[in-house]
Amino acid sequence: MTKITNDQGLPWKRVWVTGAGRGIGAALTRLFCEEGLTVYASSRTQQDLDVLQQKLSQYPGTMIPVPLDICNKENINSLIESWKKENNFPELVILNAGTHDPFPAQEFSAERCEQLFDINLMGTIKCLEPVLKHYMAHNRGHIAVMASVAGYRGLPTAAAYGASKAALIHLCEALKLDLLGTDVKLQVINPGFVRTPLTDKNTFAMPDLMEPEDAAMAIIKGLLKDRFEIAFPARFVRILKLLRLLPYNCYFRLVRRITGAQ
Ligand SMILES: NC(=O)c1ccc[n+]([C@@H]2O[C@H](COP(=O)([O-])OP(=O)(O)OC[C@H]3O[C@@H](n4cnc5c(N)ncnc54)[C@H](OP(=O)(O)O)[C@@H]3O)[C@@H](O)[C@H]2O)c1
């Protein structure tokens, strides 16, 4: 068992993780259960949640499957209402659910963009609204939004994905400023490549690829700090942040050379 903290444990009792059925969300759920937390774990596929719950039954924490489509506002709101009524609102919410659908300009499609935006951006926003309202009303709570380093600048075949993640980064930056002076903590998570079913479909070499367990550990360590952005792995993030500073002509030339984009 990987121990994250000293004997004092983590500062939360209950956490809601969206996109917990597999990949990074499942790894986060596991680490939280190892640390004794109650995890409300959401995804659309009930079976993924059931399998994970079975696997995690040996740990001191409790995983509670909460099957949910983050695009369904009614379901989100009834979940939120049940927490309020039963007085067990999670102190930490990780809005991690998301998807990827890479396509080049030759296949550009408003429908595929809309599908990605509906989940990555609007789905996250639909979960964020009632959580933020509740936390602001009580002047406490901790929210982390999953974006990506792909939101820093345009990358080949990622027009829709990158735009959805850039929008989330921007949204969090603005909200962070609005929340200054309150005790509501908001962070944005920008991972590089993590080996999950989402990246398994990539056919190109993924630099500094991380395992989901390491990503989950980096996220939890970041949540314990006061920095707004949780970004990893460090070397890859540093390179992308330098690329962000380049003027367009240098940026396009360099990315073309690195990725072999035509
Ligand atoms: N893997 C990477 O390299 C990487 C890098 C940067 C950022 N990220 C971000 O990290 C997050 C997790 O990625 P991952 O790699 O772990 O992906 P993944 O393995 O595909 O897992 C995504 C999870 O989100 C759930 N999900 C998708 N759409 C949903 C919806 N509408 N409602 C509820 N749950 C939904 C999926 O379950 P169902 O399909 O059953 O709903 C699944 O449990 C995503 O936001 C992704 O963009 C990943």
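Aromatic ring centres of F236 and F193: separated by under 6.0 Å. In summary, the aromatic rings of F89 and W83 are positioned with their centroids under 6.0 Å apart.
At least one donor-acceptor pair closer than 3.5 Å links the side chain of T18 to the backbone N or O of N96. Without hydrogens or angle criteria, D69 side chain to R44 main chain gives no donor-acceptor distance under 3.5 Å. Side chain of R153 to backbone of L243: a donor-acceptor contact under 3.5 angstrom is found. A donor-acceptor pair is defined here as one N or O able to donate and one able to accept, closer than 3.5 Å; no such pair exists between the side chain of D183 and the backbone of R140. Between the T157 side chain and the P102 main chain, no donor and acceptor come within less than 3.5 Å of each other.
For K13 and E91, the salt-bridge test fails: no basic side-chain N is under 4.0 Å from an acidic carboxylate O. Contact check on E129 versus K133 returns a salt bridge, with a Lys/Arg side-chain nitrogen under 4.0 Å from an Asp/Glu carboxylate oxygen. Note on R235 versus D208: salt bridge recorded, some NZ/NE/NH1/NH2 to OD/OE distance being below 4.0 Å. A salt bridge links K241 with E229: the distance from a Lys NZ or Arg NE/NH1/NH2 to an Asp or Glu carboxylate oxygen falls below 4.0 Å.
Within a 6.0 Å radius of NZ in K84, other residues, nucleotides and ligands contribute more than 12 heavy atoms.
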Problem set entry | Residues I94, W16; criterion side-chain contact (heavy atoms from CB on, under 4.5 Å); working and verdict | CA-CA 6 Å; I94 304 184; W16 179 29; over 6 Å; no

Exercise. Would Q115 and D101 satisfy side-chain hydrogen bond (donor to acceptor under 3.5 Å, both in side chains), going step by step from the backbone distance to the final call?
Worked result: CA-CA 9 Å; Q115 278 167 6; D101 176 20; over 6 Å; no

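With contacts defined as side-chain heavy-atom distances shorter than 4.5 Å, the pair L209/V194 does not qualify. In this structure, V237 and Y152 have side chains that are in contact, with non-hydrogen atoms separated by less than 4.5 Å. In this structure, D48 and L52 have side chains that are not in contact, with every pair of non-hydrogen atoms separated by 4.5 Å or more.
For the 3.5 Å distance criterion, the side chains of E81 and N77 fail to qualify, holding no donor opposite an acceptor.
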